[in-house]
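Here the structure is laid out as structure tokens; the discussion comes afterwards.
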Number of protein chains: 2
Amino acid sequence: MNTEKRMRMTPQRRIILEELRKTCSHPSADEIYSMVRKRLPRISLGTVYRNLEVLSELGEIQKLEAGGSLKRFDGNPAHHYHIRCTCCGRMVDAPFQVMERLEERLDGADGYRVFGHSLEFLGICPECRRRPIAPGLGHLNGPHR
Amino acid sequence: MNTEKRMRMTPQRRIILEELRKTCSHPSADEIYSMVRKRLPRISLGTVYRNLEVLSELGEIQKLEAGGSLKRFDGNPAHHYHIRCTCCGRMVDAPFQVMERLEERLDGADGYRVFGHSLEFLGICPECRRRPIAPGLGHLNGPHR
DNA sequence: TTAAATGCAAAGATTTTGCCAAATT
DNA sequence: AATTTGGCAAAATCTTTGCATTTAA
């Protein structure tokens with residue numbers, strides 16, 4: 001059986017995608033709303049959010065900072081990396097040595113002064129691997145594409 | 001003149017720090033609130049947020065996903081890295097080749113299946129470098145420590 | 001006595017949802 | 001006709017803020 005949903009390329013969806021492809025500014029949902037509204041004055045913010053969700057599930061766009069909506073805090077102030085479970089959001093420290101001065105060769109690029117970096121690995125934690133997958137959520141157990 | 005504020009190690013602040021040091025679970029503000037409330041039942045969520053802010057400014061803890069509160073979207077679905085301006089939040093693509101299979105040597109660590117990574121560089125964009133710094137915000141123009 | 005911190009509640013900001021009408025297949 | 005999408009507004013979630021009061025130097 002083919003559980004895949006067909007997706008219609010509605011005008012709203014197409015224009016959101018076009019605007020996003022057109023810019024390199026990595027806009028927020030609200031900025032996209034403003035951009036799109038110039039062409040579709042009656043579109044609603046809810047539609048923008050829904051379409052951004054659909055487009056990123058399809059791999060047409062990327063949702064950045066997709067990991068978590070809520071901030072997390074780390075009692076260890078030393079620079080280190082993390083692995084985030086894309087299924088439940090759980091984070092653990094990554095046993096991976098920090099690449100010191102990784103940013104040095106970027107410093108000055110595009111006029112930016114670059115002084116640091118943050119690396120996050122994405123994975124599935126043991127609990128989520130074990131747990132039976134809820135119907136329709138299987139894609140959460142691995143990369144989408 | 002010394003514009004620096006003195007900071008008191010209040011019981012609330014100390015206990016928040018203790019709880020955060022005690023765990024390796026990278027809790028959210030709300031989880032920290034729950035943890036701390038077992039020892040200080042009358043503490044308020046606002047106090048937790050305020051203290052987490054202070055502690056991370058002091059470098060005692062780290063605020064993860066500190067970059068932006070709002071999600072951003074990228075019309076380029078290919079894997080690539082970004083530089084984020086820690087001053088204004090602006091993001092640009094980083095001219096830095098993706099390190100393919102960086103996560104391979106982590107796969108299996110702690111029982112995690114690791115299938116990807118996300119790397120973000122931190123810097124100051126040209127506009128923010130040029131702009132006069134608002135009083136008290138100078139720390140935003142470089143690493144804190 | 002004075003600056004800083006707390007508790008409480010209200011306000012903000014961002015994102016998600018429910019519902020019904022409209023559009024598409 | 002059945003299904004999906006859109007618009008609108010309300011709800012939900014997470015975070016910040018105002019203010020009167022308390023605490024500590």
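A, B, ... follow the sequence lines: proteins, then strands. Residue 1 opens every chain.
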Practice item. Starting from the C-alpha separation in whole Å, work towards a yes-or-no answer on salt bridge (charged side-chain N to carboxylate O under 4.0 Å, His left out) for B:E19 and B:K22. Key: CA-CA 5 Å; B:E19 291 297 318; B:K22 189 183 292 180; 3.0 Å; yes
Practice item. Please determine, for the side chain of A:T47, which listed nucleotide (D:dG6, D:dT4, D:dT23) has the closest atom? Key: D:dG6
Point to revise | Residue closer to the 5' end of DNA chain C, B:P41 versus A:Y49 (nearest nucleotide) | key: B:P41
Review point. Are OP1 or OP2 of D:dC14 and a side-chain N or O of B:S28 less than 4.0 angstrom apart?
Key: no
Exercise for review: Give me the ring orientation class for B:Y81 and B:F121: parallel if the planes are under 30° apart, tilted from 30 to 60°, perpendicular past 60°.
Suggested key: perpendicular
Practice item. Please state how far atom CD1 in A:I32 lies from atom C1' in C:dT15, giving the value in whole angstrom units. Key: 13 Å
Exercise for review: Take the protein atom CD1 of A:I43 and the nucleotide atom C1' of C:dA22, then report the distance between them rounded to whole Å.
Suggested key: 15 Å
Check your understanding: What about A:R8, does its side chain sit under 3.5 Å from the base of D:dT4 through a donor-acceptor pair?
Key -> yes
Review point. Do the side-chain N or O atoms of A:T10 get closer than 4.0 angstrom to the phosphate oxygens (OP1, OP2) of C:dT24?
Key: no
Practice item. For B:A29 and for B:P11, locate the closest nucleotide of DNA chain D by heavy-atom distance; then report the residue assigned to the nucleotide nearer the 5' terminus. Key: B:A29
Check your understanding: How are the rings of B:H26 and A:H82 set to each other: parallel, tilted or perpendicular (split at 30° and 60°)?
Key -> perpendicular
Exercise for review: Find the distance B:L40:CG to C:dA5:P and express it as a whole number of Å.
Suggested key: 16 Å
Review point. Under 4.0 angstrom, heavy atoms only, what part of the nucleic acid is A:R13 near: base, sugar-phosphate, or nothing?
Key: sugar-phosphate
Practice item. Compare the minimum distances between each of C:dA5, C:dG7, D:dG7 and the side chain of B:S44, then state the nucleotide with the smallest one. Key: C:dG7
Review point. Quick one: B:R72 CZ to C:dT14 P, roughly how many Å, whole number?
Key: 11 Å
**Study point:** Rounded distance (Å) that lies between atom C1' of C:dA4 and atom CZ of B:R14
**Key:** 18 Å
**Study point:** A:R50 side chain, from C-beta outward: closest of C:dG7, D:dG7, D:dT15
**Key:** D:dG7
Check your understanding: Once you round it to whole Å, what is the distance between P of C:dA13 and CG of A:D30?
Key -> 11 Å
Exercise for review: Check for a donor-acceptor pair, side chain of A:T23 on one end and backbone N or O of A:L20 on the other, with a separation under 3.5 Å.
Suggested key: no
Review point. Taking the side chain from B:H79 and the backbone from B:H117, do they hold a donor-acceptor pair closer than 3.5 Å?
Key: yes
Exercise for review: Nearest whole angstrom, please: distance from the C1' of D:dT5 to the CZ of A:R42.
Suggested key: 15 Å
Review point. So what does B:Q12 hit on the nucleic acid, given a heavy-atom distance under 4.0 Å: a base, only sugar-phosphate, or nothing?
Key: sugar-phosphate
Exercise for review: Calculate the interatomic distance between A:M9 atom CE and D:dT4 atom P; express it in whole Å.
Suggested key: 17 Å
**Study point:** Residue met sooner reading DNA chain C from 5', once B:M7 and B:L45 are mapped to nucleotides
**Key:** B:M7
Practice item. Would you classify B:N51 as touching base, sugar-phosphate or nothing, given that sugar-phosphate means primed atoms plus P, OP1 and OP2, and contacts are heavy atoms under 4.0 Å? Key: sugar-phosphate
